[in-house]
Every structure is written in C-alpha cells, then in structure tokens.
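Scope of the values below: all heavy atoms of this structure, side chains included, with no hydrogens, waters or symmetry mates.
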Amino acid sequence: MIVFYLGMEYIVTCIDMIMCCIFCGTFLWKEKISEKKGLIVLLSLFSSFIICLFNNIRVYSYLNIMAVTLLMVYFQWMIYKKTLLLSLMFTLIYASMLNAINFFSVSIFSLKMHIDSLYLLNVQSIFRVKVLFLSKIILVLVITTICKASRVKKYTFSQKYMTFMSICSVFAFVCNLIIMQEDLSNGEMKGIIFFTILIIEFFIIYCGSKLSENCGQQQQMEVVKLRNEMLQKSLDNTEHALQSWRASIHDYKNHVIVLSQLSQDGKLEEIRDYLKQQNKLLDQKVFYIKTGNSAVDAIINAKKNLADQQNIVFYVNAVILEECIIKPFDIVSILGNLIDNALEACAMESSPYIDISIKEEKNFLIIRVINSFTGELPRNMQTTKSNKMWHGIGMENIKNIVEKYNGDFDMVHKNNEVATHVMLLNKELE
C-alpha cells in the first residue's frame with residue numbers, strides 16, 4: 001500500500017505542476033503552451049519527484065511550500081523566458097489558488113466524513129487519496145475555466161500594474177501560509193475562509209486581465225500614433241525633396257538660357273565661373289535612392305535627408321525584388337526604428353556614419369544597419385529615453401515583426417560601431 005500511496009501522491013503532484021505551467025503560460029505566453037508541451041511534461045515529471053521527497057519529510061510545512069513555490073517559479077521562467085518578476089507573480093497567484101483549493105477540499109471532506117483534517121493532511125490513507133483527487137478535479141475545472149475565459153492572446157503589463165498584482169498575490173500567498181498553520185476547530189469556518197481566499201484569487205486574476213487589456217490598448221494606440229508620426233515625417237521629407245527637385249528643373253532651364261547667351265557672346269571665362277558655381281551647388285542637390293519598393297524608398301530618402309542635415313555620412317545598398325512577400329509596412333517599421341536609433345547614436349559621434357544594406361539571400365530578406373557608436377549599449381538593449389514605457393515599443397515592435405516572419409534579430413557592438421541584423425523569411429510556409 002505504501003507504493004500505491006506514493007504513486008498517487010506523485011500523480012497528483014504532476015497534475016499540480018502541469019496545471020501551473022498551463023495557468024502561467026496563459027498569461028506569460030499562451031502561444032507557446034502547445035509548442036512547449038513536451039518540455040512541460042518532462043519538467044513536471046522531474047519536479048514532482050523532488051516535491052514528493054519534500055512531502056516525505058513533512059507535509060505542508062513552511063519549508064515544503066516555499067521550496068515547491070521557488071521550484072515552480074524557476075520552471076515557469078525557464079519555459080516561457082519571461083521576466084522573473086512576471087514568473088514569480090503568476091506562480092504565487094497559482095500557488096495561493098492551489099493551496100486554497102487543497103485546504104478547501106480537506107475542510108469540506110473532513111466536515112462531511114467527520115474525519116480530522118490533520119489526519120487527512122499528514123497520514124497516508126485511502127481517505128487522503130480521495131481528498132487529493134477531489135482537489136485535483138476542482139483545480140482542473142478552475143484552471144480550464146480561467147484559460148477558456150482568457151480572450152486576450154498576449155497579455156501586456158506595465159510596471160505599475162505588475163507592482164499592484166505582485167502585492168496582491170504576495171498578500172494572498174502569505175494569508176494562505178498563516179491560515180494553514182492555524183488550528184481552527186470549526187471545519188466549516190475553515191472551509192469558508194479558504195473559499196473566500198479562492199474568490200480573492202479570482203478577483204486578482206480578473207483585475208489583472210482587465211489591466212492587461214487596458215495597457216495593451218494604450219500601447220496599441222501609442223504604436224499607431226508613433227507610426228503615423230513616422231509616416232507623416234517621411235511624407236513631409238519626401239515632399240520637400242520633390243519640391244527641391246522641381247525647383248532644380250526650373251533652375252536648369254534658366255541655366256541653359258544663361259549658358260546659351262554667354263556662349264553666343266563668346267564669354268568663355270564667365271562660362272567657366274558659372275559652371276564652377278553650379279558644380280558646388282550640385283553637391284548639395286537631393287539624390288533619390290531607389291530600392292525597388294516605393295514605400296521603402298520614401299522612408300530611406302526621408303532618413304537620408306535627416307542624416308545630411310546632421311552631417312552624418314549615409315550609405316545605402318538596398319535591393320527589394322518584386323517577388324518579396326514581406327509587407328512593405330513591416331519593412332518600413334523595421335527600417336524607421338533602426339535608422340532612428342542609428343541617427344540618435346550618431347548624434348554625439350565625431351565621425352558619424354550609417355551604412356544600410358537590404359538584400360535577399362536563401363529565401364530570407366536580410367536587413368543590416370551599421371552605425372558608428374563609441375559609447376556603451378544600454379543593458380539588455382533597453383531604451384535610454386525618459387519615457388521608457390512607450391519608447392521601448394520600437395524594439396519590441398521589431399521583435400514582433402521578426403517573430404511574425406519566423407526570422408532572427410541580432411545587435412552587436414564591436415569596434416566602435418553597432419551592427420544590427422534582421423532576417424525575415426521571404427517564403428510562404430507550407
């Protein structure tokens with residue numbers, strides 16, 4: 001029977017760990033749950049073995065609960081690769097909910113079967129097995145309901161929202177620990193308390209979902225605003241370039257008239273002086289870069305004008321074929337953000353330059369932006385601007401586009417220059 005009881009403990013612990021991964025994945029990275037199911041099962045089997053060892057030392061001790069919680073936090077962070085704070089926050093919420101369900105089940109079962117709750121918690125018996133499976137049925141129903149009710153595909157949390165939810169989750173977790181150690185003789189009262197904690201957890205999850213939706217909508221609005229500002233600036237610069245071109249055509253006609261008149265009068269010296277002046281002006285004329293895509297042409301030429309105004313050397317070697325399936329708007333978003341970052345980095349350089357290349361290679365569109373930079377990159381490539389919440393969207397937007405096209409993104413700082421490489425799959429997936 002000992003082997004049977006240990007086997008049951010192991011099974012229900014595996015269920016706990018799998019449900020933890022599904023619950024946290026719903027908020028951390030829902031799309032990755034199906035992709036990571038093999039890793040989730042493997043880690044759950046391994047971690048359940050460790051947890052069962054702790055349970056054999058002493059069931060539901062502070063040491064046990066804290067060790068199990070830290071183990072779950074580490075596994076969520078390792079699976080979904082999100083920030084440690086987010087992994088900790090949702091693991092604490094799950095742990096509080098799990099403990100509330102477990103002790104609610106124990107309280108109800110002990111009340112109905114007239115069995116001491118401490119006996120159910122610490123003594124291996126058939127009654128304990130029944131309670132464990134009752135709690136797991138409730139847990140699976142609760143987690144499934146939460147996952148089904150979760151409509152937001154990707155949750156977004158600002159720092160203040162994360163702080164609010166972290167405080168709430170820690171409060172609920174500590175309440176669980178305190179109440180678990182209380183010897184409440186009234187089993188019915190104990191069940192009500194843990195049921196109340198469970199309701200509080202649902203409220204925290206609901207508030208978190210709403211806060212995430214609000215934050216996500218704000219970020220989407222800000223992204224649209226930034227894109228509109230970028231496109232408007234590009235249009236303004238392009239219009240300025242076209243106006244300069246029209247003016248140069250008009251001036252060209254006048255120059256031809258002047259030169260014709262001077263040649264008729266035989267004034268060769270004046271013709272030479274006139275041409276010399278025009279050669280100096282030609283260096284300041286606007287040259288239009290063509291890549292094969294009008295939208296990309298507009299953004300590159302607009303950024304070139306900005307670079308020229310700041311005396312930044314601007315190299316471009318870009319070719320986009322007609323067969324390119326990547327949406328021009330996505331290419332423009334990537335180039336706009338990368339070149340803006342390069343312009344900002346070059347602002348304080350003594351010999352600033354920006355080198356841009358776009359080419360297709362082995363079914364991939366390769367975008368490379370290199371700029372001079374003698375400083376230090378921010379840690380984890382985060383923005384140095386004051387409004388970090390919104391200005392960090394640029395790099396995040398690039399990463400989302402790269403993920404959309406199953407590509408790769410890399411930024412390297414070496415030899416006093418920053419090289420950014422973006423690779424996008426330029427082929428329909430079968």
Side-chain angles (χ1 to χ4, degrees), residues 5 7-27 33 40-41 44 47-48 51-52 55 59-60 64-65 68-69 71-72 76 90-150 168-169 171-182 184 186-209:
Y5 291 143
M8 293 299 101
E9 292 280 350
Y10 183 77
I11 291 173
V12 297
T13 306
C14 284
I15 295 174
D16 288 343
M17 296 303 296
I18 292 173
M19 289 297 105
C20 178
C21 294
I22 294 175
F23 173 80
C24 294
T26 299
F27 297 93
I33 295 178
I40 289 173
V41 173
S44 297
S47 59
S48 298
I51 293 171
C52 286
N55 284 345
V59 180
Y60 294 113
N64 178 16
I65 293 174
V68 170
T69 302
L71 187 65
M72 289 193 296
Q76 305 317 308
F90 285 110
T91 303
L92 286 178
I93 293 175
Y94 173 81
S96 301
M97 189 164 53
L98 173 64
N99 288 326
I101 291 174
N102 287 340
F103 281 85
F104 173 73
S105 301
V106 168
S107 300
I108 297 301
F109 195 88
S110 64
L111 185 66
K112 295 298 181 182
M113 301 300 296
H114 304 288
I115 301 175
D116 184 62
S117 59
L118 292 178
Y119 174 81
L120 293 174
L121 289 172
N122 294 286
V123 179
Q124 296 288 2
S125 66
I126 193 65
F127 295 109
R128 175 179 168 82
V129 173
K130 291 180 180 180
V131 172
L132 288 176
F133 274 96
L134 172 63
S135 66
K136 294 319 119 182
I137 291 172
I138 297 175
L139 176 66
V140 171
L141 290 175
V142 168
I143 298 300
T144 303
T145 302
I146 292 174
C147 294
K148 292 292 183 182
S150 174
C168 293
S169 59
F171 174 76
F173 185 74
V174 172
C175 287
N176 263 293
L177 294 180
I178 294 174
I179 297 174
M180 280 160 43
Q181 300 301 316
E182 292 293 329
L184 298 177
N186 191 333
E188 184 177 359
M189 179 61 68
K190 188 183 292 185
I192 293 174
I193 291 174
F194 284 112
F195 182 76
T196 303
I197 293 177
L198 190 60
I199 297 299
I200 294 174
E201 292 294 332
F202 288 151
F203 179 73
I204 294 174
I205 296 170
Y206 175 79
C207 289
S209 300

Does the S135 side chain pair with the main chain of L132, one donor and one acceptor, at a distance under 3.5 Å?
yes

Throw together a table of side-chain donor-acceptor distances under 3.5 angstrom for residues 14-22, partners on residues two or more places apart or in other chains.
from, atom 1, to, atom 2, distance (Å)
D16, OD1, K136, NZ, 2.7
D16, OD2, K136, NZ, 3.3

How many angstroms lie between atom CG of L134 and atom CG of L139, to the nearest 0.5 angstrom?
11.0 Å

Taking the side chain as C-beta and beyond, is there a heavy-atom pair between M72 and Y94 under 4.5 Å?
yes

Is T26 close to F90 at the side-chain level, that is, under 4.5 Å between some pair of heavy atoms?
no

Restricting to side-chain hydrogen bond (donor to acceptor under 3.5 Å, both in side chains), what partner residues turn up for T91, sequence neighbours left out?
none

Could you go through M8 and R128, starting from their C-alpha distance and side-chain angles, then the distance that decides it, and tell me whether this counts as side-chain contact (heavy atoms from CB on, under 4.5 Å)?
CA-CA 10 Å; M8 293 299 101; R128 175 179 168 82; over 6 Å; no

In Å and rounded to the nearest 0.5 Å, what is the CD1 to CG distance from I146 to L141?
11.0 Å

Rounded to the nearest 0.5 Å, what's the gap from CG on L98 to CD1 on I143? Could you check?
8.5 Å

Could you check whether atom CZ of F127 has more than 12 heavy atoms from other residues, nucleotides or ligands sitting under 6.0 Å from it?
no

